[in-house]
Every structure is written in C-alpha cells, then in structure tokens.
A.B. asks: 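Below you'll find the structure I mean.
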Protein chains: 2
Amino acid sequence: MGGPRKVANDPLRKQRILDATLAVIAEHGVHGTTHRRIAAEAGVPLGSLTYHFGSLGDIIEQAFARMAESMSERYHAALTAAPDEPAACAAVTDLICGDEYATPRELVLLHEMYAYANHNTTVAESLRQWLRRSRASLARHFSEPACRAIDALIEGWPMHQAWEREPLNRDLVRATITAVADRLR
Amino acid sequence: MGGPRKVANDPLRKQRILDATLAVIAEHGVHGTTHRRIAAEAGVPLGSLTYHFGSLGDIIEQAFARMAESMSERYHAALTAAPDEPAACAAVTDLICGDEYATPRELVLLHEMYAYANHNTTVAESLRQWLRRSRASLARHFSEPACRAIDALIEGWPMHQAWEREPLNRDLVRATITAVADRLR
DNA sequence: CAGATGTGTGTACGTTCGTACACACTCAGA
DNA sequence: TCTGAGTGTGTACGAACGTACACACATCTG
C-alpha cells in the first residue's frame, strides 16, 4: 500500500493540523481548544502535535497567522479588482454584506483572534500585519481619512450584524460607504 | 473582633467575586480564567466560589452580564445628556475617542465577551440586550439607518484603534459621525 | 442552655490537560 | 545486507483543574 517516499511521510500534515485547529477554535473557542481535540479533528495521533509543534501556544499562533494570511489575500483580491471608486465602494459593500468574507465561521474566528491577541504578542503582531495590509488595499481607492473610517465600518458592521436575527441591509451599507468616501475626500 | 451580624457575613462578596473575575479575564483571557485565580484576586477562599456559584461557567456569565449592564448605563447617560443632534454627535465622538468608555481594559473585556458569546447562549443574550439598549439610546437622536451605521462605527473604530500605536484623530471621528448622521437622515 | 439552621471554608478526589520520551519504522548510503 | 539518521507514534506522568463535601462557626428559637 505505501508507495515510495523519500523523507517525509506526510508533508501536508502541518497544514492539516493548523486547519483542524481553526475548526476546533471555531467550534469550542480558544478556551476549549486542546491537543486532543485538534488531533481528533485532524485525524492524527496525539504525539504528532508535539512532534511538529513546540507547544499548544505555537499551534494556535500559527493557526491564526495562517487565517490572517488567507483573509488578507481575499481582501486584497477583492479591492484590486475594482477599477474605480464606485466599484471599490461596491467591493467594500460586498466584503461587509457578502457571504464570502463575513461568513459566520470567519467572524467567530476573528473574534477569537482579537481576544487572544490581547494576551499573546505573536498573535498581536499577526493581527497588526493583517490590518496594515487591509488598509493598504483600501488606500488604492480612498483618501487616508476615508480609509480609517471605512476600515472601522468593515470591522464593526459585520460584527454587530452577527448578533442580529435579520440580514444586513445592503443598500444602507452602500450608501454609508459612499457617503464617507465622498465627505472625507 | 467580629461585630454583631444577623445572617450573612459578607453580603457584597458575590459582587466582589464578579469584579475579580473581570480583572482575571482582562489579564489572562477567558482561556486563562480559573477558580483559583479568581479566588486569589478577590481575596476569598476557594470554597467560597462553589458556595456562591454553581460552576465556573456561571461565574463568567454573571461577570459579563454585570459588565454589560454597567457599560450600558454609562452609554445611556452620555447620550441622554445631549440636548440636540450636534451635541449627540459630540457625545458619540467622546464615546469613541474618550478614555472613559473605550479604555484599554474595557476593550479587552469586550473582545473577550464577543468571543465567548459565540459559544455560550447566556452571554450571547446579555450581549444582545446591551446592543439593543445602546441602539435605543442612539435612536433618541438619529434616524434608524444612521443608528445602524453609527453603531458600527462605535464598535469598529476603538477596536481597530486598539492595535495602533498612535492616538485616535478626534476631528476625523467627529467629521465621520456628522457626515453619516447628515446623509442618512 | 440545647438544639436547629443557615453561612462559610479547607481539603481531597477524580478527571483532563500539556508535555516528555522510549520505541518502532523507513530508507539512503556504504 | 547492514547501519545510522531521521520520521513518526503510543503511552505514561506530574500538574492543575472543577467540583464535592465533611466540617466549623455564628445566630436564632425555645
């Protein structure tokens, strides 16, 4: 059954462990994340975690870093695709309202990351990098003050919405973004 | 030494335990909050926690409920004091920029509460109540769409700012709030 | 004063955790 | 074929945890 292999048996295992870690955090929160749950989720033996990672803290740090990177890429792709300012406003509206960026799972993970970053300098640095990159993506279309305000809206709106029963009003979001971009030119 | 007493030795103990719980959460995060740390912080014996509360989860739930209530009061007081819309805009600016509401400690606790609420229905309900009340306070001065947008800004701006080195630009915040209130009349 | 009742505490128990580590296995080079 | 280095795993251990509970004390009732 086992084919020929040179050095490592499962080179993708580290990434699979990190993905499993995010799944566990999304379901149980950081406070309910343990080696054993991660191992079960990833389908790897317990010893595999201590073999690939120094500690549970390392795993969580790298998992959050991985998440921030992937979100940063999607963020950047959505904004660089916009040719002009109206299109950029639409893109931002999509980021806030759409199901691709502000998916419930992503919001839960983002909350966990924000909370954890307050007590872990490594995760705090990952977070700062991701915020810096997202603001740079915005800066291609908006003035510096507008970037700050829009950034705050992208942050706060989906988070508030996560606790509402009803869906988000897309036109209202669009109007707000446009108003801010217009007045803070 | 001990004076006369009727029934309870220390009627304020429950509240002191809850305050200590918030202190521990602020310092170590929910994931680092334990009975023993809370007891040490509050200066009470370990058994006192299981005597007054059913479980650690209960303690955390009540601590967050207490925090939400006290923040809700400050929030409400700041907004009802404003006589007209410009004053309300100034009050909102104070909430975002001031050191009374968006103190670092409060932000850390808020992050923790948001994260924990995703995995605990009781805390989620406390959170929804506090959001509902804060929006009601806003509704005394702004239109319903403007409330939504301003709420998102109050949410997102201090949270983003928490990760910046430099202080918040008060004029920019004021201008954004005014613009939103004006355009979403 | 004697019992009853409710308040409050120190300690101990079973569980679960993070981590260490002895050991098995694979394969390149000699 | 043999060997050594690197890869990967099952198990075990000390620490810390949440919780239970026997017990001490103060107060009230009669």
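Every chain is numbered from 1 and lettered A, B, ... according to where its sequence line falls, protein lines coming before strand lines. The figures that follow rest on heavy atoms only: side chains count, while hydrogens, waters and symmetry mates do not.
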A.B. asks: List for me each residue that meets ring pair (Phe, Tyr, Trp, His ring centres under 6.0 Å) alongside A/His111, sequence neighbours excluded, and say none if there are none.
C.D. replies: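 B/Tyr114.
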A.B. asks: By side-chain contact (heavy atoms from CB on, under 4.5 Å), which residues pair with B/Asp94, not counting sequence neighbours?
C.D. replies: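 Applying side-chain contact (heavy atoms from CB on, under 4.5 Å) to B/Asp94 gives B/Arg170.
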A.B. asks: Please report, rounded to the nearest Å, how far the C1' atom of C/dC17 is from the CD1 atom of A/Ile59.
C.D. replies: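 Taking atom C1' of C/dC17 as the reference, CD1 of A/Ile59 is at 13 Å.
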A.B. asks: In whole angstrom, give the distance that lies between atom NE2 of A/His31 and atom P of C/dT16.
C.D. replies: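 Taking atom P of C/dT16 as the reference, NE2 of A/His31 is at 16 Å.
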A.B. asks: What residue pairs, at least two apart or across chains, pass side-chain hydrogen bond (donor to acceptor under 3.5 Å, both in side chains) with a residue in residues 52-61 of chain B?
C.D. replies: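 Listed once each, the pairs are B/Glu61-B/Asn120.
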A.B. asks: So, is B/Thr50 near the phosphate of D/dA20, with a side-chain N or O under 4.0 Å from OP1 or OP2?
C.D. replies: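 B/Thr50 to D/dA20 OP1/OP2: no side-chain N or O under 4.0 Å.
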A.B. asks: My understanding is that only residues two or more places apart in sequence, or in another chain, count here; which of them pass salt bridge (Lys or Arg N to Asp or Glu O under 4.0 Å) with A/Arg74?
C.D. replies: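 A/Arg74: salt bridge (Lys or Arg N to Asp or Glu O under 4.0 Å) contacts with A/Glu106.
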A.B. asks: What is the distance, to the nearest angstrom, from the CG atom on B/Leu49 to the C1' atom on C/dT7?
C.D. replies: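 Rounding to the nearest Å, CG of B/Leu49 and C1' of C/dT7 are 15 Å apart.
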A.B. asks: Mapping B/Gly54 and A/Arg13 onto DNA chain D by nearest heavy atom, which one lands closer to the 5' end?
C.D. replies: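 Nearest-nucleotide comparison on DNA chain D picks A/Arg13.
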A.B. asks: Starting at CG of B/Leu168, measure out to SG of B/Cys97 and round the result to the nearest 0.5 Å.
C.D. replies: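 Going from the CG atom of B/Leu168 to the SG atom of B/Cys97 covers 4.5 Å.
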A.B. asks: Scan nucleotides 15-18 of chain D against the protein and return all N/O pairs shorter than 3.5 Å with their distances rounded to 0.1 Å.
C.D. replies:
unit_1 : atom_1 : unit_2  : atom_2 : d
D/dG18 : OP2    : B/His35 : N      : 3.1
D/dG18 : N7     : B/Arg36 : NH1    : 3.0
D/dG18 : O6     : B/Arg36 : NH2    : 3.1

A.B. asks: Output a table of donor-acceptor pairs, distance under 3.5 Å, between side-chain atoms of residues 38-49 of chain B and any protein atom two or more places apart or on a different chain; print 'none' if there are none.
C.D. replies:
unit_1  : atom_1 : unit_2  : atom_2 : d
B/Ser48 : OG     : B/Arg13 : NH1    : 3.4

A.B. asks: B/Ser48 side chain N/O closer than 4.0 Å to the phosphate oxygens (OP1, OP2) of C/dT9?
C.D. replies: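 B/Ser48 to C/dT9 OP1/OP2: side-chain N or O found under 4.0 Å.
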A.B. asks: Strictly below 4.0 Å: does B/Tyr51 bring a side-chain N or O up to OP1 or OP2 of C/dT9?
C.D. replies: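 For C/dT9, neither OP1 nor OP2 has a side-chain N or O of B/Tyr51 closer than 4.0 Å.
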